[in-house]
Enquirer: 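Questions regarding the structure given below will be posed in turn.
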Amino acid sequence: MTTTAITNIGSLVTNDPALGDGSLLGLLTDAAVVLDGEKIAWVGPAAKAPAADESHDAQGRAAIPGFVDSHSHLVFAGDRTQEFNARMSGRAYSAGGIRTTVAATRAASDAELEANVRHYLREALRQGTTTFETKSGYGLTTEDEARALRIAARHTDEVTFMGAHIVSPDYAEDPAAYVDLVTGEMLNACAPHARWIDVFCEKGAFDGDQARAILTAGKAKGLHPRIHANQLSYGPGVQLAVELDAASADHCTHLTDADVDALANSNTVATLLPGAEFSTRAEWPDARRILDAGATVALSTDCNPGSSFTSSVPFCIALAVRDMGMTPDEAIWSATAGGAAALRRTDVGFVREGARADLALLDAPSHVHLAYRPGVPLVSEVWQRGRRRVTADG
């Protein structure tokens with residue numbers, strides 16, 4: 001294997017307080033990182049960097065761990081421009097618009113769906129995302145859900161079965177029968193291709209009892225739960241997530257004090273998805289309240305064609321700082337180490353010895369510029385698994 005020393009890093013976020021200044025981000029200045037194949041072999045002051053086969057000059061740029069986008073819906077066809085336009089003109093958002101994407105996704109070929117996944121992954125990579133999770137949920141038949149997962153699994157290990165996105169239009173008059181399908185035949189076909197199981201626990205989708213049945217069936221098949229919880233209204237989702245030791249409760253917009261306490265006293269991460277609030281003009285999650293209670297928070301894009309059509313983690317960081325009460329340091333941590341926690345990973349989201357060699361170099365002196373200069377394409381280089389995938393010249 002070839003070793004590579006990335007030197008002359010002006011400011012390095014390691015997310016390991018023991019490596020840096022003792023802060024949440026473990027900041028190092030005038031730093032270097034040595035990559036050995038797909039792993040990080042050494043991190044520290046540039047003056048003490050060991051010899052390497054190759055050297056790369058970061059030219060004083062800031063560096064951060066690659067973003068860990070722990071919530072996305074990338075296997076789909078079509079878009080919902082008309083719905084977005086109507087919503088921005090005054091119509092409220094509801095769960096029902098998913099049916100539009102279901103129809104387009106069912107009609108698409110495997111090649112078309114795969115091309116879409118590749119397109120959005122390239123977008124995300126150019127913006128610093130090196131690890132991502134993605135879900136099924138736009139097929140809602142056994143065959144279409146299984147093919148979505150097969151496509152997703154060609155691009156990531158973090159694949160989530162979400163046949164319980166909404167009740168399939170085919171079962172509109174018999175939701176109980178659809179739950180039986182999801183927990184039976186569909187689960188059997190999909191479980192071999194997934195690591196996770198998810199359910200949209202919300203009015204217009206699945207209630208608490210249905211969500212419990214679906215997630216419990218998934219656990220019995222070896223899938224670990226995560227849950228869309230408390231997005232549009234108060235509900236049982238967060239409490240159910242904690243009860244079932246879900247890795248993540250996602251959205252967390254409408255929380256009671258008991259919900260916040262439950263998250264703070266559990267291993268379940270509160271994954272906040274500000275792109276959804278931006279695109280639906282909904283109430284912002286109160287990140288400050290959740291963080292102050294001691295819960296772990298992740299930030300993710302929720303990239304999907306209906307309620308959050310963005311692949312940009314930097315955009316979500318800027319929203320979280322501006323409108324959700326997070327500091328720039330907290331937002332960066334949540335989009336990297338927090339996302340890793342939401343996937344129960346320790347090998348990504350950090351820059352430290354033994355971690356995967358995923359870094360983003362910024363055309364800026366500090367990570368704070370991601371919130372300070374919103375909308376500016378600051379990610380200039382991306383290293384993924386030890387390879388430079390995005391270069392400063394494009």
Side-chain angles (χ1 to χ4, degrees), residues 3-36 39-68 125-130 299 312-318 320-321 326-339 348-353 355-394:
T3 57
T4 302
I6 304 176
T7 61
N8 193 19
I9 300 171
S11 173
L12 173 65
V13 172
T14 69
N15 286 336
D16 187 341
L19 284 176
D21 61 356
S23 69
L24 176 73
L25 298 186
L27 285 171
L28 278 168
T29 56
D30 192 17
V33 179
V34 177
L35 315 181
D36 187 354
K39 300 291 184 180
I40 294 173
W42 184 89
V43 181
K48 296 182 179 180
D53 299 320
E54 298 178 357
S55 181
H56 180 75
D57 187 352
Q59 299 180 343
R61 296 183 178 97
I64 62 174
F67 295 125
V68 181
L125 182 66
R126 287 196 298 269
Q127 297 170 92
T129 297
T130 52
L299 275 180
S312 174
V313 174
F315 173 65
C316 293
I317 286 171
V321 172
M326 300 184 84
T327 67
D329 285 9
E330 289 168 338
I332 290 290
W333 191 94
S334 295
T336 51
V348 296
F350 299 86
V351 178
R352 62 189 179 195
E353 185 177 336
R356 206 169 76 181
D358 296 346
L359 299 96
L361 302 186
L362 308 180
D363 189 15
S366 166
H367 64 279
V368 177
H369 280 233
L370 289 168
Y372 179 43
R373 303 194 68 206
V376 178
L378 294 179
V379 175
S380 61
E381 297 183 26
V382 180
W383 295 72
Q384 185 181 43
R385 295 181 180 270
R387 294 176 53 212
R388 190 157 60 125
R389 299 286 307 280
V390 176
T391 64
D393 59 4

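Residues take their numbers from the sequence shown, with the count starting at 1.
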Enquirer: When you compare the side chain of V379 with that of L362, does any pair of heavy atoms fall below 4.5 Å?
Expert: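 Of all side-chain heavy-atom pairs linking V379 with L362, at least one is under 4.5 Å.
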Enquirer: Return the set of residues passing ring-ring contact (aromatic ring centres under 6.0 Å, His included) with W333 (not counting sequence neighbours), or none when no residue passes.
Expert: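 For W333, no residue satisfies ring-ring contact (aromatic ring centres under 6.0 Å, His included) once neighbours in sequence are set aside.
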Enquirer: Taking the side chain as C-beta and beyond, is there a heavy-atom pair between W42 and P50 under 4.5 Å?
Expert: yes
Enquirer: Taking 4.0 angstrom as the limit, do K39 and E353 come out as a salt bridge?
Expert: no
Enquirer: Run through T130, D358, N15 and flag the one making a side-chain hydrogen bond (donor to acceptor under 3.5 Å, both in side chains) with T336.
Expert: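 Testing T336 for a side-chain hydrogen bond (donor to acceptor under 3.5 Å, both in side chains) against T130, D358, N15 leaves exactly one candidate, N15.
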Enquirer: Can V33 and L12 be said to form a side-chain contact (heavy atoms from CB on, under 4.5 Å), step by step?
Expert: CA-CA 9 Å; V33 179; L12 173 65; 3.8 Å; yes
Enquirer: Begin with the C-alpha distance, continue with both residues' side-chain angles, and end with the deciding distance and a verdict on side-chain contact (heavy atoms from CB on, under 4.5 Å) for L359 and I64.
Expert: CA-CA 6 Å; L359 299 96; I64 62 174; over 6 Å; no
Enquirer: Given the rule in the side-chain contact (heavy atoms from CB on, under 4.5 Å) test, do D16 and V351 qualify, once you have shown the distances and angles that lead to the verdict?
Expert: CA-CA 8 Å; D16 187 341; V351 178; over 6 Å; no
Enquirer: Specify the closest pair of heavy atoms between A360 and G128, including all atoms of both residues, with the distance to one decimal.
Expert: CB-CA, 4.3 Å
Enquirer: Between T3 and D53, is there a donor-acceptor pair closer than 3.5 Å when you use the side chain of the first and the backbone of the second?
Expert: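 Yes, because the side chain of T3 sits within donor-acceptor range (under 3.5 Å) of the backbone of D53.
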Enquirer: Return the minimal non-hydrogen interatomic distance between A32 and A49, and the atom names on each side.
Expert: CB-CB, 3.9 Å
Enquirer: Ignoring hydrogens, what is the shortest heavy-atom contact between I6 and A58? Give both atom names and the distance.
Expert: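 Residues I6 and A58, closest heavy atoms: CG2-CB, 4.2 Å.
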Enquirer: Hey, are the side chains of L125 and V390 touching, using non-hydrogen atoms and a 4.5 Å cut-off?
Expert: yes
Enquirer: Once you round to the nearest 0.5 Å, how far does OG1 of T391 lie from CD of E381?
Expert: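 Rounded to the nearest 0.5 Å, the OG1-CD separation comes out at 7.0 Å.
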Enquirer: How would you list, by chain and number, every residue that makes a salt bridge (Lys or Arg N to Asp or Glu O under 4.0 Å) with R387, sequence neighbours excluded?
Expert: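 Checked R387 against salt bridge (Lys or Arg N to Asp or Glu O under 4.0 Å); zero matches.
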Enquirer: Output all residues satisfying side chain to side chain donor-acceptor pair (under 3.5 Å) with R388, sequence neighbours left out; order by chain, then residue number.
Expert: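 R388 satisfies side chain to side chain donor-acceptor pair (under 3.5 Å) with no residue once adjacent residues are dropped.
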Enquirer: Between R356 and F350, is any pair of side-chain heavy atoms under 4.5 Å apart?
Expert: no
Enquirer: Return a table of donor-acceptor pairs under 3.5 angstrom between the side chains of residues 363-375 and protein atoms on other chains or two or more places apart.
Expert:
{"from": "S366", "atom 1": "OG", "to": "V368", "atom 2": "N", "distance (Å)": "3.0"}
{"from": "H367", "atom 1": "NE2", "to": "D329", "atom 2": "OD1", "distance (Å)": "2.7"}

Enquirer: Pairs in or reaching into residues 17-30: which pass side-chain hydrogen bond (donor to acceptor under 3.5 Å, both in side chains), with residues at least two apart or in two chains?
Expert: D21-S23
Enquirer: For R389, enumerate each residue passing the side chain to side chain donor-acceptor pair (under 3.5 Å) test, keeping only those at least two apart in sequence or located in another chain.
Expert: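 R389 satisfies side chain to side chain donor-acceptor pair (under 3.5 Å) with Q384 once adjacent residues are dropped.
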Enquirer: Going through the distances and angles, do L299 and V313 end up as a side-chain contact (heavy atoms from CB on, under 4.5 Å)?
Expert: CA-CA 8 Å; L299 275 180; V313 174; 5.8 Å; no
Enquirer: Within the side chain of S334, is there an N or O that forms a donor-acceptor pair under 3.5 Å with the backbone of E330?
Expert: yes
Enquirer: Considering only heavy atoms from C-beta outward, does the side chain of R352 approach that of L19 to under 4.5 Å?
Expert: yes
Enquirer: Given side chains that start at C-beta, do those of T14 and L27 come closer than 4.5 Å, heavy atoms only?
Expert: no
Enquirer: Is the closest side-chain donor-acceptor distance between Q127 and S312 under 3.5 Å?
Expert: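 Q127 vs S312: donor-acceptor pair found between side chains.
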